[in-house]
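Input: a single structure, listed below in structure tokens.
FYI, the numbering just counts along the sequence from 1. Just so you know, these numbers use all the heavy atoms, side chains as well, and skip hydrogens, waters and symmetry mates.
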Amino acid sequence: MSVKTNVLKTLEENRGSFFSGEDLAVKLAVSRAAVWKAIKELEKEGYEIEAVQNRGYCLAINNDIISTEGIRTYLDDRNQKIAITVDKVTESTNKNAKMCAIAGGSHGTLFVAEQQTAGRGRRGRSFLSMKGNGIYMSLLLKATVNAENVVLITTAASVAVHRAILKVTGKKTAIKWVNDLYYQKHKVCGILTEAVTDCESGMIDSIVLGIGINFKVERENIPLELSDIVGALYEQEDANATRNELIAEIVNQVMVICDDLNNRDFLMDYRENSMVLGKEVNVIGSESNQSATAIAIEDNGGLRVRYKDGEEEVLCTGEISIRLT
Ligand code: BTN
């Protein structure tokens with residue numbers, strides 16, 4: 001690790017507290033001049049580092065630059081070994097994770113970007129991925145799963161992100177089936193799950209979990225045509241958490257649930273925080289739209305709806321989309 005990386009790691013782990021140049025130099029077994037040079041390099045990259053005589057250096061509490069060191073600071077011990085790539089700009093983190101899966105990348109590999117130029121959404125839509133205020137992350141999960149479990153992983157991911165947001169920011173999101181998260185009636189997170197199939201066995205051997213979150217976006221910066229639907233976790237107020245913390249906590253939560261997917265306890269959280277259960281929904285099929293009542297989330301993650309004529313159907317990801325009426 002370079003001196004710069006080590007200095008950042010130490011400051012990140014002690015965010016808000018001062019570390020003298022001398023202590024840093026001793027801790028990292030380098031010269032004070034090397035520490036000073038590293039601090040200057042970090043400042044050039046945009047890190048706000050307070051330098052006070054006789055006290056030393058301190059990484060500002062609300063300095064919110066995504067970094068590998070920053071994410072690692074908040075990862076559980078069991079996730080410390082995962083490979084992390086943070087890009088300033090990339091086409092799509094899902095694309096990167098899929099390429100990594102094909103090249104034999106390992107379980108838990110994480111791709112994050114500050115900006116995506118071709119962010120992908122579900123159903124072939126694009127996902128607006130502006131610089132500086134969002135989280136665009138993709139997690140590679142190595143799992144031999146059948147098609148049914150892919151739906152369950154998507155459902156599990158919604159619960160994991162919901163729990164992580166609650167823990168890190170204190171904000172309670174609602175889950176719109178199957179995997180959008182809403183905060184104060186506006187969409188703040190979308191999840192795109194993509195499966196990678198092993199051509200020889202024909203089995204799904206990796207899942208790419210792509211998560212896009214509007215972290216801090218002021219209302220006037222949301223494009224007008226999206227402003228009725230799209231929101232952010234923080235709009236006006238200062239964030240009381242950093243994106244590094246939230247990214248790491250999402251990884252922690254996903255790993256816990258996905259390790260034991262057959263234990264479907266997480267579905268309780270899913271049902272409790274569902275924003276569609278008991279509501280009238282509009283089921284948009286390939287041929288026509290029908291209104292129905294959402295009555296249950298099944299154990300496989302499917303949504304059971306009851307149509308006006310009393311007929312019931314269990315909907316699965318990909319077949320339909322839902323609009324609250
Ligand atoms: C949706 O709401 O339609 C799903 C959006 C998923 C967006 C995320 S951002 C990180 C990852 N990379 C992508 O290209 N897409 C996903």
> Would Y182 and K187 count as a side chain to side chain contact (heavy atoms under 4.5 Å, CB included) if you check the C-alpha gap in whole Å, the side-chain angles of each, and the deciding distance to 0.1 Å?
Replying inline: CA-CA 4 Å; Y182 278 62; K187 175 170 166 174; 3.8 Å; yes

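- By the rule that hydrophobic residues join a cluster once side-chain heavy atoms approach within less than 4.5 Å of another member, I204 and L152 end up as members of one cluster.
- The closest donor-acceptor contact from the side chain of Y136 to the backbone of M130 lies under 3.5 Å.
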Atom pairs and distances, donor-acceptor, side-chain atoms in residues 40-52, under 3.5 Å, two or more places apart:
{"residue": "K40", "atom": "NZ", "partner": "E43", "partner atom": "OE1", "Å": "3.1"}
{"residue": "E45", "atom": "OE2", "partner": "K4", "partner atom": "NZ", "Å": "2.5"}

>> What verdict does the side chain to side chain contact (heavy atoms under 4.5 Å, CB included) test give for E311 and Q290, after you've listed the backbone C-alpha separation in whole Å, the side-chain angles of each residue and the deciding distance to 0.1 Å?
In response: CA-CA 12 Å; E311 259 317 275; Q290 265 184 288; over 6 Å; no

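- The pair R72-E13 does not meet the salt-bridge criterion, since no charged nitrogen lies less than 4.0 angstrom from a carboxylate oxygen.
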> Would I250 and I213 count as a side chain to side chain contact (heavy atoms under 4.5 Å, CB included) if you check the C-alpha gap in whole Å, the side-chain angles of each, and the deciding distance to 0.1 Å?
Replying inline: CA-CA 11 Å; I250 290 171; I213 299 178; 3.6 Å; yes

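- Put simply, the side chain of R15 gets close to the backbone of A60: a donor and an acceptor are under 3.5 Å apart.
- Looking at N273, its side chain never comes within 3.5 Å of a backbone N or O of I175 through a donor-acceptor pair.
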> Would K142 and S106 count as a side chain to side chain contact (heavy atoms under 4.5 Å, CB included) if you check the C-alpha gap in whole Å, the side-chain angles of each, and the deciding distance to 0.1 Å?
Replying inline: CA-CA 7 Å; K142 297 298 282 183; S106 45; 5.5 Å; no

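- Using modelled atom types and a 3.5 Å distance limit, the side chains of T117 and E91 yield no donor-acceptor pair.
- Under the 4.5 Å side-chain criterion, counting only non-hydrogen atoms from C-beta, T109 is not in contact with I82.
- Looking at E114 and K131, no side-chain N of the basic residue comes within less than 4.0 Å of a carboxylate O on the acidic one, giving no salt bridge.
- S158 places a side-chain N or O within 3.5 Å of a backbone atom of V178 that can act as its donor or acceptor partner.
- The distance from atom OG1 of T293 to atom NZ of K308, rounded to the nearest 0.5 Å, is 5.5 Å.
- A side-chain N or O of N96 and one of T90 form a donor-acceptor pair less than 3.5 Å apart.
- Between F215 and A239 the shortest heavy-atom distance is CE2-CB, 4.0 Å.
- Taking a 6.0 Å sphere around NZ of K9, one finds it holds 12 or fewer heavy atoms contributed by other residues, nucleotides or ligands.
- Side-chain contact check for R163 versus I257: some heavy-atom pair is nearer than 4.5 Å.
- Using a 4.5 Å cut-off between side-chain heavy atoms of Ile, Leu, Val, Met, Phe, Trp and Tyr, with links allowed through other members, V281 and I295 fall into different hydrophobic clusters.
- Formation of a donor-acceptor pair under 3.5 Å by the N252 side chain with backbone atoms of D76 is found in this model.
- In terms of hydrophobic clustering, with Ile, Leu, Val, Met, Phe, Trp and Tyr side chains grouped at heavy-atom distances under 4.5 Å, I191 and V208 are assigned to different clusters.
- If you take CG on L181 and NZ on K176, they are separated by 11.5 Å, rounding to the nearest 0.5 Å.
- Hydrophobic clustering (ILVMFWY, side-chain heavy atoms < 4.5 Å, transitive): I247 and Y183 are in one cluster.
- Contact between A38 and V7 at its shortest, heavy atoms only, is CB-CG2, 3.9 Å.
- Closest approach of T5 and E69 over heavy atoms only: CG2-OE2, 2.7 Å.
- Counting heavy atoms from C-beta outward, E235 and Q184 have side chains that stay 4.5 Å or more apart.
- Taking each heavy atom of V112 and T93 in turn, the nearest pair found is C-CG2, 3.9 Å.
- Contact check for V230 versus L128: no side-chain heavy atoms found under the 4.5 Å cut-off.
- Of all the heavy atoms in D299 and L267, the pair that sits closest is O-CD1, 3.3 Å.
- Within the 4.5 Å cutoff, the side chain of N133 has no heavy atoms near those of the N221 side chain.
- Environment of NZ in K37: sparse, with no more than 12 heavy atoms of neighbouring residues, nucleotides or ligands closer than 6.0 Å.
- The backbone N or O of L277 lies less than 3.5 Å from no partner atom in the side chain of R271, so there is not a single donor-acceptor pair.
- The CD atom of E218 sits 10.0 Å away from the CD atom of E237 when rounded to the nearest 0.5 Å.
- Side chain of W177 to backbone of T155: no donor-acceptor contact under 3.5 angstrom is found.
- Of the inter-residue distances, the one linking L28 atom CG with N6 atom CG reads 5.0 Å to the nearest 0.5 angstrom.
- Distance alone, capped at 3.5 Å, is enough to place a donor-acceptor pair between the S92 side chain and the N94 backbone.
- Judged purely by atom type and a 3.5 angstrom limit, K167 has no side-chain atom pairing as donor or acceptor with the backbone of E249.
- In summary, the side chains of N240 and Y234 do present a donor paired with an acceptor at a separation below 3.5 Å, with no hydrogens or angles considered.
- Residue K216 comes nearest to Q236 through the heavy atom pair NZ-O, 3.9 Å, listed as atom of the first residue, atom of the second, then distance.
- Atom-to-atom distance recorded for L75:CG and T68:OG1 is 10.5 Å, nearest 0.5 angstrom.
- Other residues, nucleotides and ligands contribute at most 12 non-hydrogen atoms within 6.0 Å of the NZ atom of K81.
- Between N179 and R122 there is a side-chain heavy-atom pair separated by less than 4.5 Å.
- With a 4.5 Å cut-off on side-chain heavy atoms, V35 and Y57 count as touching.
- Looking only at distances, no side-chain donor or acceptor of D269 sits under 3.5 Å from a matching main-chain atom of V159.
- Residue I135 is grouped with residue V161 when hydrophobic side chains (ILVMFWY) are merged at heavy-atom distances under 4.5 angstrom, including chains of intermediate members.
- The distance from atom OG of S138 to atom CD1 of I211, rounded to the nearest 0.5 Å, is 8.0 Å.
- Contact of the M255 side chain with the H107 side chain is registered, since non-hydrogen atoms from C-beta on lie closer than 4.5 Å.
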